[in-house]
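Just so you know, ligand 1 is whichever comes first in the structure, and atom 1 is the first atom listed for that ligand.
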Amino acid sequence: MYKVLLLGSGGRECAISWKLSQSPLLEKLYIAPGNAGTSAYGTNIAVKPTDFPAVAKAVADLGIDLVIAGNEDPLVEGVREYLAQAAPGVLVVGPGKVGAALEGSKDFAKHFMARYGIPTARYMTVNADNVAEGEAFLDTLAAPYVLKADGLAAGKGVLIISDLAEAKASLREMLGGKFGKASAKVVIEEFLSGIECSVFVLTDGTGQYRLLPPAKDYKRIGEGDTGLNTGGMGAVCPPPFCTDEFMAKVEERIVRPTLSGLKAEGIDYRGFIFLGLIDCGGEPMVIEYNVRMGDPETEAVMPRIASDLLPTLVALAKGNINEAAPLEIDPRACVTVMAVAGGYPEAYRKGDEITGNLQPAKSIVFHAGTTADAEGHILTAGGRVLTVSSLAPTIAEAAALSYEALADIHFADKYSRRDIAHEFIG
Ligand code: AMP
Ligand code: GLY
């Protein structure tokens, strides 16, 4: 039996909590800090994931056996290393600081891919000392131009610019501090066109791994993939273009070389690897690595895991994932549709009461930005408020169920895209 502490507070953590709460091996689940939805599956504790002394104290006081990092910030800042000192013996799902640089530094990730021949866009890293070379590299590329802040920039650090002069000006602005320290280095990339998908690898540091079913998310706020980028407005699992043939290429060209590269560099990576991929005419290329699960992809992936996930996470953290039985995957499709607060992804409303049916019979509501007040009312507390996931034999039926359940949930200025998964519906 395991006492588990999950770090994070979004829809992803709500979906992971929901899944873990069904495990017969779970003794107790704590979520730090969690949201109004996670409290149905475990106990929320008022601890910030990046406040490492407070995390270590919670591990000791609550007798935690396993810590799962939901989001990247604590990993990039070194929570694994901190706990290894302050709470020796506790199992951790999530890489150490060096492994987390796969997400925390685009420059590190691109060099890593280059070293191991992993297919990705051509690139050059530029800093204040080689701006002229950076501009010359831009001259060799065709529009549009992709500029990426090296460090974490809250999902906003990637610019795609169609005009060359504007790209050069933006390069200088980024190096001048447009994204603070995160853009002291900028990765310039060749633009790749194709359809994007997310592949999730669970690995234990030895090169052994398990794949979760792939998913596709919808990043733009507007229907037809228009408007500003968001954290994600919905997801479908699996996307039909991720065929067995495509996934075999992903394993052979990307997953295995990534894991053997990590091993070759002495990086004991125990956690999730999220491959942000683009399907370029049937050939998978890596857009980015993340060191956590995707959000809202998790909300479409977790409902499809039919067997217990906890033994896999424990075995992964112990360094022998193959000790756990293979995961069983539900053959049905899952579609999740996010409801966001008016104004998101710019300044948005908060504190509006959420009413309606939050426990629909045929769907699951995962809370993202919600909180409960003293009287137990559920209030909006974030840009992405909640997401509704449904399983069904077809994507069309799953989407229809999610939209039906979403129509019964109300808060002021609620907004959702109406076209999630629509391109896969006949
Ligand atoms: P990233 O933060 O690296 O995932 O980039 C954010 C988004 O920018 C991705 O999800 C893609 O839609 C887009 N993007 C990033 N790199 C490229 C590229 N080389 N070619 C085309 N689109 C890209
Ligand atoms: N949905 C994309 C991400 O989690 O980064």
Out of Glu196, Arg220, Lys106, the nearest non-hydrogen contact to atom 9 (C) of ligand 1 is supplied by Glu196
Taking atom 7 (C) of ligand 1 as the reference point, report whether a protein heavy atom occurs under 4.0 Å from it.
no
Q.
Tell me whether ligand 2 is touched by Gly294 - counting only heavy atoms on the residue side and a distance under 4.0 Å.
A. yes
Under 3.5 Å side-chain donor-acceptor pair for Glu297 and Ser198: yes
Under a 4.0 Å N-O cut-off, is there an ion pair linking Asp139 with Lys168? yes
Carboxylate-amine/guanidinium contact Glu196 Lys216, below 4.0 Å:
no
closest protein heavy atom to atom 23 (C) of ligand 1 is Ile287 CD1, 3.8 Å
For Lys148, the atoms of ligand 1 under 4.0 Å from one of its heavy atoms are 3 (O), 15 (C), 16 (N)
For atom 2 (C) of ligand 2, the closest protein heavy atom turns out to be Asp217 OD2, 3.3 Å
| said: Can you tell whether the side chains of Glu103 and Arg292 come within less than 4.0 Å, N to carboxylate O? | reply: yes
ask   = Do ligand 1 and Val158 have nitrogen or oxygen atoms that lie under 3.5 Å from each other?
value = no
NZ/NE/NH1/NH2 to OD/OE distance under 4.0 Å, Arg417 and Asp225 | yes
**Asked** Do Glu245 and Thr243 have a side chain donor and acceptor closer than 3.5 Å?
**Response** no
- prompt: Regarding Asn44 and Thr38, is there a side-chain donor-to-acceptor distance under 3.5 Å anywhere?
  reply: yes
the protein heavy atom lying closest to atom 19 (N) of ligand 1 turns out to be Glu189 OE1, 2.7 Å
*Residues Ser105 and Asp150: side-chain donor-acceptor under 3.5 angstrom*: yes
- Under a heavy-atom criterion of less than 4.0 Å, does Gly231 contact ligand 2? yes
So for Lys219 against ligand 1, with non-hydrogen atoms under 4.0 Å, the contacting part is side chain
message: Salt bridge or not between Glu189 and Lys110? Use side-chain N to carboxylate O under 4.0 Å.
response: yes
**Prompt:** Strictly by modelled atom types, are Tyr289 and Thr258 linked by a side-chain donor-acceptor pair under 3.5 Å?
**Reply:** yes
heavy-atom search around atom 20 (N) of ligand 1 in the protein gives Leu192 N, 2.8 Å
If you scan protein heavy atoms around atom 13 (C) of ligand 1, the nearest is Ile160 CD1, 3.7 Å
Among non-hydrogen protein atoms, atom 5 (O) of ligand 2 lies closest to Arg292 NH2, 2.9 Å
Going by the 4.0 angstrom heavy-atom rule, the piece of Arg12 near ligand 2 is neither
Report yes if some N/O of Glu288 lies less than 3.5 Å from some N/O of ligand 2; otherwise report no.
no
